[in-house]
Amino acid sequence: QVQLVESGRGLVQAGGSLRLSCAASGRTFRSYTMGWFRQAPGKEREFVAAIVWNSGNTYYADSVKGRFTISRDNAENTVYLQMNRLKPEDTALYYCTTSRRTSTRDLDYDYWGQGTQVNVSS
């Protein structure tokens with residue numbers, strides 16, 4: 001019922017920037033919150049950032065606070081993740097997802113994109 005398509009994968013040097021996009025579509029789009037999670041090889045999926053659709057309130061993991069910015073375009077049902085001052089530790093597969101509640105827990109999110117790869121070299 002909901003399709004999420006991420007774009008913006010790439011390779012960037014440490015200290016550089018990258019912008020990810022996620023376009024949401026479906027017969028009815030009833031998401032309350034949209035967010036980004038990431039997963040590095042051999043590690044668990046972890047919360048990165050989330051935005052409440054109506055209010056625009058944002059939430060960030062401590063590891064990315066001050067460096068990443070999440071935003072949305074209401075008309076296009078698109079969420080963005082602007083990543084600045086990237087570190088090698090940010091290398092991961094990034095997933096766009098949506099939830100009907102405000103949460104930083106992956107179990108509270110209902111629909112997931114296929115992921116987009118971000119590699120940060122030192």
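Here the structure is a predicted model, which is why all the values come from computation and not from measurement.
Atoms CG and CZ, on Leu107 and Arg45 in that order, are 10.0 Å from each other to the nearest 0.5 Å. Taking OG1 of Thr69 as the reference point, atom CZ of Arg19 lies at 11.0 Å (rounded to 0.5 Å). Rounding to the nearest 0.5 angstrom, the gap separating the CD atom in Gln13 from the CG atom in Leu86 is 11.5 Å. Considering CD of Gln114 and CG of Leu93, their distance stands at 10.0 Å, rounded to 0.5 Å. For the atom pair Ser103 OG and Tyr59 OH, the distance stands at 10.5 Å (nearest 0.5 Å). One finds the CD atom of Glu6 at 8.5 Å from the CG atom of Leu20 (value rounded to the nearest 0.5 Å).
Each of Leu81, Val5, Val79, Ile70 was compared with Cys22 under the side chain to side chain contact (heavy atoms under 4.5 Å, CB included) criterion, and only Val79 meets it.
Taking each heavy atom of Ser122 and Ala14 in turn, the nearest pair found is CA-CB, 4.4 Å. When every heavy atom of Gly16 is checked against every heavy atom of Val12, the shortest pair comes out as CA-CG2, 3.8 Å.
Evaluation of the ring-ring contact (aromatic ring centres under 6.0 Å, His included) test over residues 75-122, restricted to residues two or more places apart or in two chains, returns Phe37-Tyr109, Phe37-Trp112. Residue pairs meeting the salt bridge (Lys or Arg N to Asp or Glu O under 4.0 Å) criterion with at least one member in residues 79-90, sequence neighbours excluded: Arg38-Asp90, Arg67-Asp90.
Taking 4.5 Å as the limit, some side-chain heavy atom of Thr91 sits within range of a side-chain heavy atom of Gln117. Between Ile51 and Trp36, the closest side-chain pair of non-hydrogen atoms is not below 4.5 Å.
Between the Thr78 side chain and the Asp73 main chain, no donor and acceptor come within less than 3.5 Å of each other. In this structure, the side chain of Thr33 engages the main chain of Arg101 through a donor-acceptor pair within 3.5 Å. Between the side chain of Thr98 and the main chain of Met34, no donor-acceptor pair closer than 3.5 Å is present. A donor-acceptor pair under 3.5 Å is absent between the side-chain atoms of Ser21 and the main chain of Ser7, judged by distance alone.
For the residue pair Asn84 / Ser17, a side-chain donor-acceptor distance below 3.5 Å is found, with atom types taken as modelled.
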- Item | Test log, rule side chain to side chain contact (heavy atoms under 4.5 Å, CB included), inputs Trp53 and Asn77 | CA-CA 9 Å; Trp53 197 258; Asn77 289 331; 3.7 Å; yes

